[in-house]
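In this text the structure is predicted, and so the values were computed from the model without any measurement.
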Amino acid sequence: MGIWKWAAAMAAFAALFAGSPARADATFNVMGFWDMGAIDTLPDGVSLQCTGGCYHTLSFFDTISSGHEDISLSDLSEITLVNNGDQSTGGTYFRFGIGVSAFNPGGSEIGVSVDNPAIEFASFFSEVSVIGMAFDSHGCSTSASQPACGVMSPDSNFITVYLLLPAPGQTIDLGSALISIGGELQSVPEPPSIAIALGALLIFFVSAKARRRTVRISSRRND
């Protein structure tokens with residue numbers, strides 16, 4: 001095979017690998033939730049009302065192998081106590097339970113991860129607050145020594161609060177519940193090391209063959 005045909009074959013072989021650089025992924029996986037309900041039996045006509053219901057979740061999962069992604073999402077709900085009955089509550093306090101978790105309750109301990117921390121980065125921050133009484137927040141970032149991070153044994157927090165019921169025909173605005181999730185992902189494809197090695201090998205052999213051919217031609221001329 002002639003030198004240039006041989007070189008073309010090697011170049012085509014290298015291009016085959018160059019078109020498929022090694023994959024390096026950055027992954028984001030975070031979920032938050034809250035719920036609220038009455039522990040004591042409420043009088044007829046009295047109800048706890050939440051925008052979109054009194055159980056909310058917010059989650060985000062994504063994996064990228066190149067580029068940059070900023071993550072920012074939230075879920076907001078207004079919470080009220082309503083008395084549509086005709087019974088006086090007599091200024092009585094009732095017990096309510098609030099559960100919150102800002103990170104994958106009962107799920108994965110990993111919130112963000114990267115395959116190659118030398119060229120990738122991932123971070124997250126999550127927060128849940130309910131009527132100014134129940135809170136939870138978490139966050140972390142990957143680094144050269146920490147390619148994955150999150151929360152060990154993620155769980156939820158539960159608290160009991162005492163609330164005064166509204167008078168008949170009245171509504172009490174308890175406040176809001178908010179879930180926020182944010183962070184970023186950044187990834188760069190790993191260099192195609194096989195293609196680089198083949199390219200270097202190609203240059204070496206083409207150069208070596210060209211030198212040998214030049215030497216032969218020069219020797220013939222000297223004869």
Side-chain angles (χ1 to χ4, degrees), residues 27-63 69-113 122-141 148-185:
T27 301
F28 190 107
N29 181 24
V30 176
M31 188 270 277
F33 101 101
W34 68 267
D35 68 351
M36 183 174 180
I39 298 175
D40 297 320
T41 300
L42 298 177
D44 290 342
V46 177
S47 62
L48 177 71
Q49 298 185 7
C50 315
T51 307
C54 293
Y55 178 89
H56 281 239
T57 65
L58 182 65
S59 62
F60 185 81
F61 174 85
D62 196 16
T63 296
E69 181 176 5
D70 288 316
I71 299 156
S72 178
L73 58 160
S74 62
D75 176 86
L76 179 65
S77 178
E78 300 298 328
I79 303 176
T80 57
L81 268 175
V82 179
N83 188 347
N84 289 322
D86 56 7
Q87 298 181 33
S88 173
T89 57
T92 305
Y93 284 86
F94 282 71
R95 293 179 300 163
F96 291 81
I98 303 175
V100 295
S101 176
F103 186 85
N104 303 348
S108 172
E109 297 182 349
I110 304 301
V112 289
S113 63
S123 68
F124 86 89
F125 177 79
S126 58
E127 182 177 35
V128 179
S129 64
V130 180
I131 64 171
M133 294 184 176
F135 305 92
D136 192 30
S137 64
H138 296 284
C140 70
S141 301
C149 64
V151 177
M152 185 175 295
S153 301
D155 205 346
S156 56
N157 302 322
F158 183 86
I159 67 168
T160 299
V161 297
Y162 292 81
L163 301 175
L164 183 65
L165 299 186
Q170 300 296 312
T171 296
I172 296 177
D173 182 3
L174 298 178
S176 61
L178 177 66
I179 308 174
S180 299
I181 295 176
E184 65 175 307
L185 293 172

Is the backbone N or O of [Y] less than 3.5 Å from a side-chain atom of [X], with the two atoms forming a donor-acceptor pair by type?
| X | Y | answer |
| --- | --- | --- |
| His56 | Thr51 | yes |
| Glu109 | Ser153 | yes |
| Ser180 | Ser74 | no |

Using every non-hydrogen atom in the two residues, find where [X] and [Y] come nearest and quote the distance to one decimal.
| X | Y | value |
| --- | --- | --- |
| Met133 | Ile159 | O-CD1, 3.3 Å |
| Cys54 | Gln49 | SG-C, 4.2 Å |
| Ala148 | Ser113 | CB-CB, 3.7 Å |
| Phe61 | Thr27 | CE1-CG2, 3.8 Å |
| Val112 | Ala122 | CB-CB, 3.7 Å |
| Gly85 | Pro168 | O-CB, 3.4 Å |

Distance in Å, [X] [atom1] paired with [Y] [atom2], rounded so as to fall on 0.5 Å steps:
| X | Y | atom1 | atom2 | result |
| --- | --- | --- | --- | --- |
| Ile131 | Ser77 | CD1 | OG | 11.0 Å |
| Glu78 | Leu174 | CD | CG | 10.5 Å |
| Asp136 | Ser126 | CG | OG | 7.5 Å |
| Thr80 | Gln170 | OG1 | CD | 12.5 Å |
| Leu42 | Arg95 | CG | CZ | 11.5 Å |
| Leu185 | Asp62 | CG | CG | 6.5 Å |

For this session: Could you tell me which residues satisfy side-chain hydrogen bond (donor to acceptor under 3.5 Å, both in side chains) with Asp35, sequence neighbours excluded, listed by chain and number?
Result: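 Once residues adjacent in sequence are excluded, Asp35 has no partner under the side-chain hydrogen bond (donor to acceptor under 3.5 Å, both in side chains) criterion.
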With the side chain counted from C-beta on, respond yes when [X] and [Y] share a heavy-atom pair under 4.5 Å apart, and no when they do not.
| X | Y | result |
| --- | --- | --- |
| Phe103 | Val30 | yes |
| Phe124 | Ile71 | no |
| Leu48 | Ile79 | yes |
| Leu165 | Asn83 | no |
| Ile181 | Phe28 | yes |
| Phe96 | Leu81 | yes |
| Ser47 | Val82 | yes |
| Ile98 | Val161 | yes |

[atom1] ([X]) with more than 12 external heavy atoms under 6.0 Å:
| X | atom1 | answer |
| --- | --- | --- |
| Asp40 | CG | yes |
| Phe158 | CZ | yes |
| Tyr93 | OH | no |
| Asp70 | CG | yes |

Exercise. Can you name the residues that form a ring-ring contact (aromatic ring centres under 6.0 Å, His included) with Tyr55, not counting sequence neighbours?
Worked result: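 Listed in chain order: Phe33.
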